Structures are given as C-alpha cells and as structure tokens.
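Single-structure report; data block below.
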There are 2 protein chains.
Amino acid sequence: MADLAPDPAEEKLLAAEPGGRPDDRIDDERHDEENRLKPEYVRSVTTALDEDDTDRAYDLVEPLHPADIADLLELLDRDDRRALAAAITDLLSSEVIAELNDYVREDMIETLDAGAVAGIAEQLETDDAVQMIEDLDDADQQAVLAELDAEDRAAIESALAYPEETAGRLMSRDFVAVPEHLTVGDVIDYLRQREATTDFWEIFVVDAAHHPVGTCELSWILTTPRTIALTDVMKRDQTLVPAAMDQEEVALMFQKYGLISAAVIDENGRLVGQMTVDDVVHIISEEAGEDTLLLSGAGEGDINEPIRDAYSSRVRWLIANLGTAVIASAIIAFFGAAIEQLVALAVLMPVVASVGGNAGTQTMAVTVRAIAMNQLTRSNTGRMLVREMRVALLNGVTIAVLVGLATGVIFTPMLGGVIALAMVINVITAGLAGVAVPVMFERLDQDPAVASSVFVTMITDSMGFFAFLGLAVAAGLAG
Amino acid sequence: MADLAPDPAEEKLLAAEPGGRPDDRIDDERHDEENRLKPEYVRSVTTALDEDDTDRAYDLVEPLHPADIADLLELLDRDDRRALAAAITDLLSSEVIAELNDYVREDMIETLDAGAVAGIAEQLETDDAVQMIEDLDDADQQAVLAELDAEDRAAIESALAYPEETAGRLMSRDFVAVPEHLTVGDVIDYLRQREATTDFWEIFVVDAAHHPVGTCELSWILTTPRTIALTDVMKRDQTLVPAAMDQEEVALMFQKYGLISAAVIDENGRLVGQMTVDDVVHIISEEAGEDTLLLSGAGEGDINEPIRDAYSSRVRWLIANLGTAVIASAIIAFFGAAIEQLVALAVLMPVVASVGGNAGTQTMAVTVRAIAMNQLTRSNTGRMLVREMRVALLNGVTIAVLVGLATGVIFTPMLGGVIALAMVINVITAGLAGVAVPVMFERLDQDPAVASSVFVTMITDSMGFFAFLGLAVAAGLAG
C-alpha cells in the first residue's frame, strides 16, 4: 500500500549535502554501545516535554531512525508518550507504527478517532495495517474499515478472514509474479515499466492458473543473459506456504530452508501472497522467546502488557501451583508423627524437593526447546530418554554424595544414607518427568511449554517429600 | 567458496521433464503435517541400514532436501548415522554439512582425516567452513588448514582471528561492492560480466578507501533507469556492523531495522564482509531460545550434546541450588522448636515457599526477556518495578485469601492469618527479586539468564520459611 522505493529527487538532495559520511548508528551521542537509547537522551526528551517545549522535543527526535522513535515511545510512560506523539505527528511514519510494540500501539491508537486510524492504515502495508486494527473491538474495527478506500478495505478484510497467527493473516499482498513463458530480458523490461511498490527479493513464476511453478532470485536475473528463458533460471524446488499455516511452522520453514521469501498459496494452490524473512524474523524471535515466559507461567510476559492482563494470566498459574503444593503438604502431613519425633526431617526435606525440582526444570527446558525446534520426534524420543536417564544418574549420585556426607556429619550417618538415597530417587524421577511430561503434552497436541512446569514441579516436590520421609520411617529413624 | 548459482544446463534438464509441478514439501509421504520426517520413514531408512542394504537407503534419502538430510542424520543414533553417511557420501553436500547440528557435525567430522575435512571445507562458504573447523582441537585444525589451498586458508584464518560469536567470525567474505561513481547501467553491466559466486540481495557502494557509503537493493537497480547515478538510488543511511560486534547485537540490529544484509567493517571503517539475514535467523532463534535453557541451568541444552558436557554444565547448578537450599534449611532449623510444638508449620511451610518461588520465576522470566530484547533500560526500570509491584500485590492478595481461608478452616483461624500474611510478604518479595536480580546482573555486565534463577529461588525460599515461621512464633502459635 505504501511506496517504500526511494524517491530519487529526495535522494539527490541528500547526495548533494556535504560530508555525506555513513551514519553507522552505533556509539553516537544518542545510543549506548548496545544500540539502546541512552538514559540521558531519553531524559532530555522527557524534560523538554515536561517543560512543554515541543519544538525542542521535535528537534531531539527528528534525527532518529523510525525503529528508534518506536523504541523511544516504548520507553516513555503513558503521559509522556502521548505528549511526544502529539509533538512529532509528522515523524510518526508507517515504519514507526509498524515497529511499535503491540500494547503500546494499541494504547496510542485508542486515543485516535476512526478517520485518523484509517489514515495511518492507508500508509501501511497490508500486513502492518492488519496488525494495527486486528486487536480493536468489532465496532471500532468496522468504523475504521468504513473509512478506508475500497481496495485497501478489501485487502484488509481478506486478511482478517484468516485466523490470527496464520500465513494468510501475516502475508504481504504486494509481490511480483510473472508468467512462465518470459525470458530474463522480458522480466527486466516488465520490472522497469512496472510501478514500484514495495521492496522485493525474489519473483514468483506462475502458470496460467496462477499456480506458482518456480521462484527466481533477483541476483540470478541480474547475472543471466537477457535471452535465457526464465524457466531455465528459476528454482523449481519451491517451499510453498499454505495460507492456513501457523506462524510457528512458517518460522521453522524459513529457518530450515534458509528462505528470503516464500509464496503463500490458497487452498486451490493459487499464489495469493508472500511471506518475507524480515517479517518472519519477528516471529522467530517471538516464538523462541515465548517458551521462557510460558514455562514460568508468565503468559505473554510483555513489559508493556496492561497490569490487569498480566495479573489474570499469572495468577491462574500461581493458583495451579498452590493446588500442587497442597498435594505435597498432604504427603508431609501423612508423616506428621515422624516429623514431631525428628525435627531434622522438617529441616532437610525442602533440600530434596528443591534440588529435584531444579533437575526436573533442566530436563524439561531441554525437552521443550527440542520439541519447539522440531528436533525431538517419535523417532528419537526413546534415545533422548535414555540419554537423560544417564545424565540424571550422574547428577543424582554426585548430589547424593555431597548431601549424604554433610548430613552424616551434622546429623547421623543413617540420616545421611536416607537423604542420599532419596536424592538419587528424586533426581532420576525428575529426569523422567522432565522428558515425559512435555512429550505427553505434545502428543496430546497441547503446547508443552504451557503447563509442563506445574506438573514437573508437582512430581518432584511430592516424590522428594515422599521418598525422604518414607525412607526415614522405613529406616526406623522416626514414625 | 562454493558456486551456489543455478547451473542453467542442469535446470534445463529439469525444465524438460514432464509434469514439473512444484514440490511443496508438506504433507508428502515423508513429512508429517508439521514438516518433520515421519517416524515410519525414518524407520524404513534404519531398517535398510540394519540389513546392510545401502542402495535402498540411498534411494530413500535421495529425494530429500539437504536440510531434511541433515535432520535425518540428527534423528539417527551414532551407529546408524555413520552407516548412513557412508551409504550416501555423494548426497552429503555442503548444504547438508552447513545445516547439521554442531555436535552431530563434530561427531561425524571426527571420523574423517584432515584431507577429507579440507575437501568438505573447500566446498563450503567461508562462514560455514569456519563453523565446521572452529571446534576442532588445535592440532586437527592446523592439519585441515594445511590441506586447504592458499586462498581458502587465508579466508578461514582471517575469520578465526576474530573471537567466537562475533560478526568477523560469522560474516561472509563473498559480497558485491562497487565504486560510487557508477550509474545503474554500469552496475548491471558489471554484474553481468562478473563471475557468479553466491546469492546476494544488496550491493554495497564504497568510496576510494573502501569505506561503505551506501547500500542498494537489487530491486531498486532493476526498477531504475540505467542512466541514473548509483548514488541517487542507494540508501545512505546504512547500518554498519563492526567486525568485533557480538552475534547477539547483530541479531537485535537485524530485527530492529528489518535488514536483509548489512556491511561488516573493520576497525578502520573498511568494508570486509557482509552478514545476511539467512545466517542471522539461526542466531536469533538460538539467542532467543537460549534464555529458556540458561534460566533452568541446563547450559547449552542441546539434545545432541555429549552426556559428559550435559552433566558438567547441569551439575554445577544443582550444586549451587544445594547451597541455597542449605540456607533455607538453616532458617527452618532456627525455628526447630516451633515445628516440634506445632507440626502443621512443617506441613504448610513448603506452600509459602513454592508459590513465592513461582511468582519470582514469572517476574524474572519477563525481566530477562525484556533485557534480552533491549526493551528494559535504565530509562524504564523504575516504571517496570512499580508495575511488577502492583501485579505482585494483586497476585499476593489473591493467593493469600485462598490459602488463608483454607488454612483457617482446616487448622485454626490464627494460622490462616499467619500464612496469608506470609504469602503476601513472600509474593511481593518475589516480584522485587524477580526484577532486581536480573537487572543487577545486567548492570554488572553478566548475562542475567545465567545465575538469576538460583538467587531468586534462594530469596523466595528463605523469605517464605522465615516469614511464615517467624510470624507464627510472633503470633504466639508456637516456639
């Protein structure tokens, strides 16, 4: 929808400027060595806003790259953010809007009327426009759509018809497709007379029914004689993305096959859009980072998420954790008489549970990551389990020796033997649970990162208390 | 080093084949719906290998994409893997080697002599060749380098001179750079007569001193009249990557600015290589997924990591965890008399510690992720802390009410009050520690994902036991 090709006239002006050294954007006065905006710079902007000096705020922000303007808006609190947005309206380009964190964008969009939102949407590429309005409530969404011109509205509505986080929702509808009978020269001539819209890296070759038959990188076109047939240059072995494919699958495909772009096809195999790697990069980062948050029960875990949402997603896991802690408590209560006789049991029992829990979390993290990367399938689950059992045995024995000796010296040798054996049992149980729980969720078609933690912790806590207290009673130490 | 451009003669043969429908690689007889190799297919290969039927194994593997051959090798156990490698030597292309998991590749390389490794290295692009030999021990590395021809050896040695995981080590030395005085037409003519080496997406424009002054996407060249000066088309606002930059920073830069490729410069600002997004995609996935593993203390956490390495990286965190569990035990021991009087304290104390630990892990995961994504800086840490305190208060009160009521009914109202108050204190402590510990590590220039877990758990365990047992004694329930 937007024209992202460089404007030669504008570029010429830039070129005429003296001292046109490249701006490398690192280690300048605004960025620290990790390319983050310096706190002093951010403070100078907020000071200007606090003093209502919007001209100064504008001058400070004007040299920033759009991605940095987006970062700056995210770093500010809500009041300053709105004040800044009001001060730099003409710097709020489509690139800034596209780079903004979802929650921050939503918060800013809420203050605008439908006409203004539609105005921004028209500047954006379809996929970015969709991202902007997909989270609005139905009434607001309809109001914005009504303000759009027919072509943009149709494109956005067709994207919204696909489920969230699928290729159909995320794909770009701007791509270059050419018929298969052309020569390289024909393609070059076609591209020259075609109106430039967005950047592209590959062109898609289609047959008469608009089915993709091959892809051709621009570098191949530029390095092949004009007279060669396109079908002799193109790569026939394509990776096609069905429009209904989940973004996680798309991301794995791009990684696996090292793709720059891929054709998106509808259920009839017709080319309807493309996914490009610059969009997929965000998905890869999101999907890979998501597991860290899901495993901890932190939900979306975005620092810009409204407090209400953060509370409701986290508290449910804390309540689940409470439920599993009650099971562990019941086991302790069952051995209440033993603890009354030998209070050392109460002192030592959390050690067994804690180390077991940590061992379980280690194995679980490895398993969840391997599942997410498609590295763990039915073909190698058995081998993985054997491997983890061997690591668990080594870990369990090491820890058992340390704990057993210390307990033997401080308390009694018998108690040292009991805690050592309980530790070995619990660390091996942890290894087993750390593989089995996520694999079980995966086979039930559930995301293994979501609920594995609660179950693994329940198993290691319960087994830790049970093995230690049970062995103590069996050994005649108490009870 | 390798010629990756399509061979027109070979493509022509393909084009002449009847029924050249695109291969979409999904839902075929070898892949499941998530694009993983089906267990039945893998089993058919291992069966062929077990029966020493190498021809059948070859025929089964031959239609696979190189990335799938790499996946297949990873799925097999060591014996089958070596048998398969021996059966399909001519299918083991540079692409397969480049796609292999580091540990699997290392394991396979170890069986080869220096000459064979050098033969493979010469087929690979420099960055992939470097990756293959960087983990060999010094003697083996020297032996392989000695077998290489002078040019390849020089390229690899110059890469190895940079530290691991920096742009200089990872960059490609194959790129297209042109002087700034050319027109678009000159560039096209130059590209046509230039020997095709690797694929490229952008060309770099350099001045007489080989300093990059701009970049130009191929699509801009293809859609601009031949007579226009290159300097009028190129983008001057470049993102330059210093060769010493860490791969994590490179990955964040590619994400932030939506880059396809970026020029790598040496300390004198001269263009020495390029990073392309297809390589960066692997880094993004690795870096984003790494935190899940580091937070759990699972080290590299690769399912192909040798057991010895997995043991040594994990056991050290279990020992650290043991150390912190001892602190918690000491606190319990301090209240030993109270527990002897009222065994309900021993039954309930793990609940306070467990929920607090979970709440701390949630906040810590959010904080670590935000730091990794450069979203949390000195500018907004205060705001983030206030936000987390508010979430913690809501969570703490919710859980306290549930636990307090249940304890009040099952035990005594006074004990219910004590556990409720202890829970609020511990969940708020958890929120504070979950932000403060990773931020503190970050400010000390340590990776916050590595050791935060141990400290946060120590704080929530200790505070859980101390608050609960201490309040119980203060309330006169025991002790």
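Reminder, nothing fancy here: chain letters follow the sequence lines and each chain counts from 1. Since we're looking at a predicted model, the values are computed, not measured.
- Neither the backbone nor the side chain of B:Tyr41 comes within contact range of chain A; no heavy atoms are under 4.5 Å apart.
- Note on B:Val368, B:Val280, B:Ile332, B:Leu345: by heavy-atom pairs under 4.5 Å with chain A, the leading option is B:Ile332.
- Of the possible donor and acceptor atoms, one in the side chain of A:Arg383 sits under 3.5 Å from a partner among the backbone N and O of B:Leu75.
- Only the side chain of B:Asp461 comes within contact range of chain A, judged by heavy atoms closer than 4.5 Å.
- Listed options B:Val403, B:Thr361, B:Val391 were ranked by heavy-atom pairs under 4.5 angstrom with chain A; first place goes to B:Val391.
- When the candidates A:Gly258, A:Ala325, A:Ala310, A:Ala70 are compared by the number of heavy-atom contacts under 4.5 Å with chain B, A:Ala325 comes out ahead.
- For the side chain to side chain contact (heavy atoms under 4.5 Å, CB included) with A:Val355, the lone residue among B:Leu322, B:Ile319, B:Thr324 that qualifies is B:Leu322.
- Only the backbone of B:Leu76 comes within less than 4.5 Å of a heavy atom of chain A; no side-chain atom from C-beta onward does.
- Ranked by heavy-atom pairs under 4.5 Å with chain B, the first of A:Ala449, A:Gly301, A:Ala229 is A:Gly301.
- The main-chain N or O of A:Val347 is found under 3.5 Å from a side-chain atom of B:Ser329 such that the two form a donor-acceptor pair.
- In summary, of the residues considered (A:Ile260, A:Ile284, A:Leu259), a side chain to side chain contact (heavy atoms under 4.5 Å, CB included) with B:Val281 occurs for A:Ile284 alone.
- Between B:Glu99 and A:Gln255, the shortest heavy-atom distance links the atoms OE1-O, 4.4 Å.
- What you find for B:Trp317 and A:Asn358 is that their closest heavy atoms are O-ND2, 3.7 Å.
- Of the possible polar contacts, one joining the B:Arg387 side chain to the A:Glu305 backbone as a donor-acceptor pair under 3.5 Å is found.
- Options B:Asn395, B:Asp278, B:Leu37, B:Thr363 differ in how many heavy-atom pairs under 4.5 Å they form with chain A, and the most are formed by B:Asn395.
- Contacts between B:Asp71 and chain A at a heavy-atom distance below 4.5 Å involve the side chain alone, from C-beta outward.
- For the set B:Gly336, B:Gly269, B:Gly297, the entry with the most heavy-atom pairs within less than 4.5 Å of chain A is B:Gly297.
- In this structure, chain B has no heavy atom under 4.5 Å from any part of A:Met364.
- Both the backbone and the side chain of B:Ala359 come within contact range of chain A, with heavy atoms under 4.5 Å apart.
- Side-chain contact of B:Asp68 with A:Tyr257: a donor-acceptor pair under 3.5 Å is present, judged by distance alone.
- Listed for the B:Gln362 side chain is a donor-acceptor partner under 3.5 Å among the backbone atoms of A:Arg314.
- Across A:Ser219 and B:Phe200, no two heavy atoms sit closer than the pair CB-O, 3.4 Å.
- Without hydrogens or angle criteria, B:Asn35 side chain to A:Glu249 main chain gives no donor-acceptor distance under 3.5 Å.
- Looking at B:Leu295, the atoms closer than 4.5 Å to chain A (heavy atoms on both sides) all sit in the side chain, from C-beta outward.
- Listed here is the closest heavy atom pair of A:Arg36 and B:Leu376: NH1-O, 4.5 Å.
- Of the residues considered (B:Ile188, B:Leu293, B:Asp302, B:Leu294), B:Leu293 shows the highest number of contacts with chain A, using heavy-atom pairs under 4.5 Å.
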